[in-house]
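Since the structure comes first, as structure tokens, the remarks are kept for the end.
This structure is a prediction, so every number in the text was calculated from the model and none was measured. Protein chains get the first letters and strands the later ones, always in sequence-line order, with residue 1 at the start of each.
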2 protein chains.
Amino acid sequence: MIIGQRNRLQYIILGLLNQRPQTGYDLAKAFENEIGEFWQAQHSQIYPMLKRMETSGDITHEDTVTGEKLAKKQYSLTPAGHAKLVAWVSEPSPELSATKDEFILKLYFIKTAADPRLQPMLQEQAVLHRAQLAHLKQRRETVFPDQAAIDQAYGHYLILDHAIGREQYYVDWLEKFLR
Amino acid sequence: MIIGQRNRLQYIILGLLNQRPQTGYDLAKAFENEIGEFWQAQHSQIYPMLKRMETSGDITHEDTVTGEKLAKKQYSLTPAGHAKLVAWVSEPSPELSATKDEFILKLYFIKTAADPRLQPMLQEQAVLHRAQLAHLKQRRETVFPDQAAIDQAYGHYLILDHAIGREQYYVDWLEKFLR
DNA sequence: GGAAAACATGTAATTAATTACATGTTTTTA
DNA sequence: TAAAAACATGTAATTAATTACATGTTTTCC
């Protein structure tokens, strides 16, 4: 089983499983929550990837049961998988992040500051991004209530801090052009 | 020919062609330059899309020749295409932007502030993002030397301003954690 | 106790996107 | 004037990603 060098999803999964053994369902949740700001993947992409990664020897799973009969697969790293993760983290990351933002593209097609559509569009986005900012700040409060929590999951703290700052910038930028 | 509602590439192409008739090559350049910060598409995605859009009646093309025999296709909007563009811009944009950032993900897997890989990683990214910031600022200087230029392409100015602010935030954030 | 939400795992079909293949012209620059 | 870079257009193959299909269990809440 050959998994392409460029396939970044596998490395992210390796990183998640390195934190603790998890199920495909748990991983899907992580893509919705803590890392969803910087990478996205659906469960339909995750389950097949877990199979490929197990075949290629980077992870293994243990079958467990919740309650009477709900089957779960707890995946964890093999030594080979751990080595692959360490190598990936140490590699340079020369590619700048890629953003797809439909709203910003729409703005590109607004020709003048007097266009009557402009202010409502900015207003609508401000509502969305203020809500997202509030949500992220709330998460920081609950996940990192004290310094000990930060020290225990420093990387998680870093990216949440980055996401909050980025969202704050987005809101500030929108408000700069709102009147 | 049915083109899915969700296919955003077509709308972006419509917006670009609404500014002026352009070739597929010109569009590919736009995705590398002015709008590349917020959407990406290769020429191999653009040419087939232009065909589909022409078949569906949203654009047409005119064959022109440069020099002796270099054939070009200048695409432009039909009334139907223009209507589609206007409808798209007026629609709400309820989805927050999606970012994929491999570097930030790597940070997530750094467990402590003392990890020896952390500072070099931040340093490397700072080099990249400072360069990108300088590049964007340079572009603003050349593309928008005066207020008249801004007024003529306000949307373009808006998104370049947004890109610069975002990059500035990224650099500031990296420097906050650099020592 | 019943309904709804959350947990849990998969596959199938389709669409989106990248990388590679393929070819030729025109302009710029050394 | 030769080479390199930029202009110009496509297709093929592959990979990535989304949406839809499909099923069943456990927990929570009313």
Side-chain angles (χ1 to χ4, degrees), chain A residues 1-13 21-33 35-36 38-56 59 61-75 95 97-100 102 105, chain B residues 1-13 21-33 35-36 38-56 59 61-75 95 97-100 102 105:
Chain A
M1 167 89 34
I2 292 153
I3 300 185
Q5 188 66 35
R6 217 85 211 56
N7 167 6
R8 274 98 110 230
L9 179 59
Q10 71 171 316
Y11 297 112
I12 297 165
I13 291 176
Q22 290 182 77
T23 65
Y25 187 88
D26 294 330
L27 295 174
K29 286 285 146 201
F31 281 98
E32 278 172 29
N33 300 311
I35 60 173
F38 302 104
W39 207 275
Q40 301 81 42
Q42 312 295 321
H43 79 271
S44 58
Q45 203 183 353
I46 291 165
Y47 286 116
M49 181 61 71
L50 286 169
K51 263 195 182 161
R52 285 172 64 194
M53 291 168 72
E54 184 158 41
T55 306
S56 74
I59 59 176
H61 81 269
E62 202 181 326
D63 291 303
T64 60
V65 171
T66 301
E68 285 298 295
K69 47 180 169 177
L70 184 59
K72 281 194 202 192
K73 294 183 180 177
Q74 292 279 345
Y75 285 93
E95 275 156 77
S97 54
T99 299
K100 296 215 164 175
E102 191 174 4
L105 258 298
Chain B
M1 168 86 36
I2 292 153
I3 300 186
Q5 189 67 34
R6 218 82 211 53
N7 168 5
R8 276 98 111 232
L9 179 58
Q10 71 173 316
Y11 298 112
I12 297 165
I13 290 176
Q22 292 182 76
T23 65
Y25 187 88
D26 294 331
L27 296 174
K29 286 284 147 203
F31 281 97
E32 279 171 27
N33 301 311
I35 62 173
F38 302 105
W39 206 275
Q40 302 80 42
Q42 312 297 320
H43 78 271
S44 58
Q45 203 184 352
I46 292 165
Y47 287 117
M49 182 61 73
L50 286 169
K51 263 194 183 160
R52 286 171 65 193
M53 290 169 72
E54 185 158 40
T55 306
S56 75
I59 60 176
H61 80 269
E62 201 180 326
D63 290 303
T64 61
V65 171
T66 301
E68 285 298 294
K69 49 182 168 175
L70 183 61
K72 281 194 203 192
K73 294 184 181 178
Q74 292 279 344
Y75 285 93
E95 274 156 76
S97 53
T99 299
K100 296 215 164 174
E102 192 175 4
L105 258 297

Partner residues of B:K29 under the side-chain hydrogen bond (donor to acceptor under 3.5 Å, both in side chains) criterion, sequence neighbours left out:
B:E32
Using OP1 and OP2 only, check whether a side-chain N or O of A:Q42 sits under 4.0 Å from D:dT18.
yes
How would you list, by chain and number, every residue that makes a side-chain hydrogen bond (donor to acceptor under 3.5 Å, both in side chains) with B:E54, sequence neighbours excluded?
B:H61
Nearest to side-chain heavy atoms of A:H43, which nucleotide of C:dT26, D:dT18, C:dT9:
C:dT9
Select one nucleotide: of C:dT19, C:dT9, C:dT26, the one nearest the side-chain heavy atoms of A:Y47.
C:dT9
To the nearest 10 degrees, how far apart in direction are the end axes of the helix from C:dG1-D:dC30 to C:dA30-D:dT1, each fit to five base pairs?
50°
Side chain proximity check, A:I12 to A:F38, heavy atoms < 4.5 angstrom
no
Listed nucleotide nearest any side-chain atom of B:Y75, set D:dT11, D:dG10, C:dG10:
D:dG10
A:N33: partners by side-chain hydrogen bond (donor to acceptor under 3.5 Å, both in side chains), with sequence neighbours left out:
none
With sugar-phosphate meaning primed atoms plus P, OP1 and OP2, does A:A28 contact a base, only sugar-phosphate, or nothing at under 4.0 Å between heavy atoms?
nothing
Considering the options B:I13, B:L27, B:I59, which one meets the side-chain contact (heavy atoms from CB on, under 4.5 Å) requirement together with B:M49?
B:I13
Would you mind telling me which residue lines up with the more 5' stretch of DNA chain D, A:K69 or B:A71, judged by nearest nucleotide?
B:A71
From the candidates D:dG10, C:dT26, C:dT11, the one with an atom nearest any side-chain atom of B:K73 is D:dG10
Using a cut-off of less than 4.0 Å, is there contact between a side-chain N or O of A:Q45 and OP1 or OP2 of D:dA16?
no
Taking CE from B:M49 and P from C:dA16, how many angstroms apart are they, rounded to a whole number?
6 Å
Select one nucleotide: of C:dA16, D:dA16, C:dT19, the one nearest the side-chain heavy atoms of B:S44.
C:dT19
A:Q40 side-chain N/O to B:T99 backbone N/O, donor-acceptor pair under 3.5 Å:
yes
Any idea which of D:dG10, D:dA17, C:dT18 is nearest the B:K51 side chain?
D:dG10
List, with names and distances, any nitrogen or oxygen atoms from the protein found under 3.5 Å away from nitrogen or oxygen atoms belonging to nucleotides 3-7 of chain D.
| from | atom 1 | to | atom 2 | distance (Å) |
| --- | --- | --- | --- | --- |
| D:dC7 | OP2 | B:Y25 | OH | 3.0 |
| D:dC7 | O5' | B:Y25 | OH | 3.4 |

Given DNA chain D, 5'-ward residue of the pair A:L9 and A:V65, judged by closest heavy atom:
A:L9
Applying side-chain contact (heavy atoms from CB on, under 4.5 Å), name anything that partners B:H43, two or more places apart in sequence or on another chain.
B:A28, B:Y47
